[in-house]
Amino acid sequence: MNTQTASRYRNAFDAIAASAAHRTARRQALERFLASGLPTSREEDWKYTSLAALEQAEWHVPGPAAETAVTEDYPGTLLRFGNGRLVDADSHAVQAHSLAAHAGAAPVARHLGQLACRISGGTALAQINSALWQDGLFLHVPARRTLPPLFVVHHASEADAMLHVRNLVVLEAGAEAVLVEHYRGSPGLPYWNNPVSEIVLGEGARLVHLKLTEESAVATQTGLAVVQQARDSRYHALSISLGGRLARHDVWVSLDEPGAECQLDGLFIAAARRHIDQHLHVEHAAPHTTSRQTWRGIAAGRGRGIFDARVVVQPGAQKTDAQQSSRNLLLSPHAEIDVKPQLEIHADDVKCAHGATVGQLDEAQLFFLRSRGIAADAARALLLRGFVAEALTLAERSGLAGWLEPHLAAALPLPEKEDTA
């Protein structure tokens, strides 16, 4: 990393208000990041995605966001973050708080930073987040409590800002929660959003986690979520990526004790020149654990999508059941989708499989619908909705399909109307 770029990060660090208790750990994270720099396409996990544009931009720490009226009806308790800081909280959000305001809480002291550093000692993007985060969600659900749906909206409204949101979610034994994260930004605004989420699920805990990304069309998001699961816990996540010029999402799940289950579903739509890179890593570290991955991808215009999923079955993790499914559609001759499913198995009594396809809309199905009097655009829309439906079952089961519908309807592209600008 050149001296000028390193100086910008050091200046950003000096501008961050942090408690003395966390200052040393933050500075150590900054120095580790500066020593390694941003990942490059020479690294295997980044071969499809370049972050060179981030090195060239003059990012800065944003100022506080002004409170703005909520322009969308969210069917649950609401927390709003603006430019990386909490700006408004629903009075019913009794278990959800500002992480910065509760940095001294016992669960924060016990868990913050512990999961992110388990990933090969902590990735460079996690390190810069650890150094520069200003705020984020702290969700702590006590044992055997059930939390109503919680919507956390992150809105960016300052050009050339870098947002390092830090989220910590802790569900104690038997606790249940529904968490929806919605990332969005002012149209046409360039910024870099680099959120890191650490999620700890106690014995028998259940978390439904939906993430909707609708960043500005010229924004970059590099996100990481790390999940640790105890015995008989359930983690069901749905990631929907519809916005941003470049989006990279990493999800790491560790099934640490018998009976733990995770299901990772997702949909990405890479239209125009959008670049979306999704990496999943599931670690079966104990016997009798289960994982499912159901992903659908669509690329149009000159968009590019990447799906890289790895399942590791550790020695002794017998009776593991792991299944991957990735199906993808190309709606333009200029679009591209790369799929890389991987299984690494070190146990002999397991049931693991993966399947991946990349194709185009079925012309026979399209002809059938047209022959029944359905217009071309409507027929294509029906086929696209049918294609993505299997990956969106969580939205139906959690009662969020109605809220999600207009977002999907606005994002689904049609081959005859693709934007290649």
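Between Gln278 and Asp250, the side chains place no donor N or O within less than 3.5 Å of an acceptor N or O (distance only, hydrogens not considered). Between the side chains of Glu261 and His236, no donor-acceptor pair is found at a separation under 3.5 Å.
Across all non-hydrogen atoms, the minimal contact from Leu264 to Tyr235 is CD2-CE2, 3.8 Å.
Listed for the Arg166 side chain is no donor-acceptor partner under 3.5 Å among the backbone atoms of Ala100. Using a distance-only test at 3.5 Å, with no hydrogens or angles considered, no donor-acceptor pair links the side chain of Trp192 to the main chain of Asp160. Side chain of Glu176 to main chain of Arg145: no donor-acceptor pair is present (N/O by atom type, distance under 3.5 Å, no hydrogens or angles). A distance-only check finds no donor-acceptor pair linking the side chain of Ser332 to the backbone of Ala300 [under 3.5 Å]. Glu198 places a side-chain N or O within donor-acceptor distance of the main-chain N or O of Gly113, the cut-off being under 3.5 Å. Although no hydrogens or angles enter the test, the distance criterion places no donor-acceptor pair under 3.5 Å between the side chain of Asn129 and the main chain of Pro195. With hydrogens and angles ignored, the 3.5 Å screen pairs no side-chain donor or acceptor of Arg245 with any backbone N or O of Glu215. No donor-acceptor distance shorter than 3.5 angstrom exists from the side chain of Gln293 to the backbone of Gln324, with no hydrogens or angles considered.
In this structure, Arg248 forms a cation-pi arrangement with Trp46, its terminal cationic atom sitting closer than 6.0 Å to the ring centre and no more than 45° off the ring axis.
Between Trp59 and Tyr191, the gap from one ring centroid to the other reaches at least 6.0 Å. A ring-centre distance under 6.0 Å is found for His281 and Trp252.
Taking a cutoff of 4.0 Å between a charged side-chain nitrogen and a carboxylate oxygen, Asp349 and Lys319 qualify as a salt bridge.
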Review point. Going through the checks in order, is the salt bridge (charged side-chain N to carboxylate O under 4.0 Å, His left out) test met by Glu214 and Arg184?
Key: CA-CA 5 Å; Glu214 293 182 308; Arg184 58 197 311 179; 5.1 Å; no

Review point. Does the salt bridge (charged side-chain N to carboxylate O under 4.0 Å, His left out) test come out yes or no for Asp256 and Arg231, once each step is laid out?
Key: CA-CA 7 Å; Asp256 287 348; Arg231 179 182 295 270; over 6 Å; no

Exercise for review: Report the C-alpha separation of Phe368 and Glu363 in whole Å, then their side-chain angles, then the decisive distance to 0.1 Å, and conclude whether the side chain to side chain contact (heavy atoms under 4.5 Å, CB included) test is met.
Suggested key: CA-CA 9 Å; Phe368 176 83; Glu363 290 297 329; over 6 Å; no

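Phe33 and Tyr9 have perpendicular rings, their planes meeting at more than 60° on a 0 to 90° scale where under 30° would count as parallel. Taking the six-membered ring where tryptophan is involved, the planes of His407 and Trp403 are tilted, since the angle between them lies from 30° to 60°.
Of the residues His249, His155, His154, the one that meets the ring pair (Phe, Tyr, Trp, His ring centres under 6.0 Å) test with Tyr183 is His154.
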